[in-house]
Amino acid sequence: MTWLENTDVPTVTFKIRTASDLGQSNSCEIHPSIWGELTTDEIFSNKKVVMFSLPGAFTPTCSTFQLPGFEEKAQEFYDKGVDDIYCCSVNDSFVMNAWRDQNNLKNVKVIPDGNGLFTKEMGMLTNMSGVGFNMRSKRYAMIVDDGVITKMFIEPDSTPENADPYGETTPENVLTGV
């Protein structure tokens, strides 16, 4: 099932790495981190959230355009009443935290969907084994108000002419729906 506008986000618990009492960083190479959990209720309840999802951390379009674009435009989203901006990917918490740290994110929060449970429930899990990625997320974005999806932005399927479509989910386009 693909989740549609005016439906609740799926209920999922994400496995995350959080800073231990020994340090502020989530990067296990700098300071020890511990396993924790983050629920969709904690992310989406009682606030307006923009979440964008992408095939993978450290990939060209995601790292060059999408993630930095949302980081740079964060204040414009906040000015329109958005409380939080999240980036979700079918990557583990270590990878997502390293990507966050490398990009010096101050506004966009990362969510590791390591097993693809949320992505599968959203109907956005796609087989990218042809490029060695296995199961990953389609590129999409959504606006969620108190747990209800109010607007979806979904990239078309890739084609030989356009292997990585990116237009629907740009921060500029998502801003038009807030």
Side-chain angles (χ1 to χ4, degrees), residues 1-14 16 26 37-91 93 95-97 99-113 116-126 136-158 162 164-178:
M1 171 183 176
T2 299
W3 288 75
L4 304 172
E5 294 174 4
N6 301 314
T7 61
D8 294 341
V9 292
T11 302
V12 171
T13 299
F14 298 97
I16 61 171
N26 284 342
E37 294 183 341
L38 181 65
T39 67
T40 47
D41 282 345
E42 292 171 299
I43 296 167
F44 297 111
S45 290
N46 301 312
K47 54 187 162 180
K48 183 181 265 189
V49 174
V50 168
M51 176 186 275
F52 62 100
S53 190
L54 37 80
F58 295 103
T59 58
T61 301
C62 307
S63 294
T64 305
F65 303 109
Q66 197 167 24
L67 181 67
F70 276 94
E71 180 71 14
E72 291 167 11
K73 298 244 180 235
Q75 190 59 53
E76 292 179 50
F77 283 100
Y78 300 149
D79 291 346
K80 288 187 160 206
V82 170
D83 297 296
D84 288 314
I85 303 168
Y86 285 91
C87 173
C88 182
S89 183
V90 181
N91 286 118
S93 193
V95 169
M96 293 299 284
N97 290 348
W99 195 40
R100 176 205 58 216
D101 293 348
Q102 179 179 324
N103 285 281
N104 299 310
L105 297 181
K106 305 290 185 243
N107 299 295
V108 175
K109 300 172 184 177
V110 296
I111 301 176
D113 188 17
L117 299 175
F118 182 79
T119 304
K120 181 179 179 184
E121 289 293 318
M122 285 292 299
M124 296 293 172
L125 199 61
T126 187
R136 294 294 179 109
S137 179
K138 286 187 62 145
R139 193 181 304 279
Y140 72 94
M142 62 183 173
I143 300 166
V144 181
D145 197 349
D146 193 20
V148 177
I149 301 167
T150 60
K151 185 75 176 160
M152 288 287 298
F153 305 84
I154 304 170
E155 296 295 344
D157 291 335
S158 61
N162 189 1
D164 189 10
Y166 179 60
E168 294 295 316
T169 62
T170 65
E172 295 81 6
N173 194 47
V174 175
L175 270 166
T176 66
V178 178

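Every heavy atom of this structure was used, including side-chain atoms; hydrogens, water molecules and symmetry mates were not.
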(request) State which residue, out of Asp146, Ile143, Val144, fulfils the side chain to side chain contact (heavy atoms under 4.5 Å, CB included) condition with Lys48. (result)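 Of the listed residues Asp146, Ile143, Val144, the side chain to side chain contact (heavy atoms under 4.5 Å, CB included) partner of Lys48 is Ile143.
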Using 0.5 Å steps for rounding, measure from the [atom1] atom of [X] to the [atom2] atom of [Y].
X	Y	atom1	atom2	result
Met152	Met122	CE	CE	4.0 Å
Phe52	Cys87	CZ	SG	4.0 Å
Asn46	Asp83	CG	CG	9.5 Å
Phe118	Thr13	CZ	OG1	11.5 Å
Leu125	Leu117	CG	CG	9.5 Å
Met142	Phe44	CE	CZ	4.0 Å

Please name the pair of heavy atoms, one in [X] and one in [Y], separated by the smallest distance, quoted to 0.1 Å.
X	Y	value
Tyr86	Lys47	OH-NZ, 4.3 Å
Phe14	Cys88	CE2-SG, 4.4 Å
Thr11	Thr40	CA-OG1, 3.3 Å
Ala57	Ser89	N-OG, 3.9 Å
Ser63	Phe58	OG-CA, 3.1 Å
Tyr166	Gln66	OH-CA, 3.3 Å

Going by heavy atoms in the side chains, are [X] and [Y] under 4.5 Å from each other?
X	Y	answer
Phe70	Val50	yes
Leu38	Ile43	yes
Ile85	Tyr78	yes
Met51	Val9	no

Strictly distance-based, threshold 3.5 Å: is any side-chain N or O of [X] a donor or acceptor partner for the main-chain N or O of [Y]?
X	Y	result
Glu71	Lys106	yes
Asn173	Glu168	yes
Asp113	Thr119	yes
Ser93	Pro112	no
Glu42	Thr39	yes
Lys138	Ile154	no

(request) Ignoring hydrogens and angles, state whether a donor on the side chain of Thr150 or Asp145 is under 3.5 Å from an acceptor on the partner side chain. (result)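 Not at all, the side chains of Thr150 and Asp145 share no donor-acceptor pair under 3.5 Å.
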(request) Examine the side chains of Glu155 and Thr169 and answer whether a donor and an acceptor come within less than 3.5 Å of each other. (result)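 The criterion, which ignores hydrogens and geometry beyond distance, is satisfied for Thr169 and Glu155.
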(request) Before giving the answer on side-chain contact (heavy atoms from CB on, under 4.5 Å), spell out for Leu105 and Trp99 the whole-Å C-alpha distance, their side-chain angles and the decisive distance to 0.1 Å. (result) CA-CA 9 Å; Leu105 297 181; Trp99 195 40; over 6 Å; no
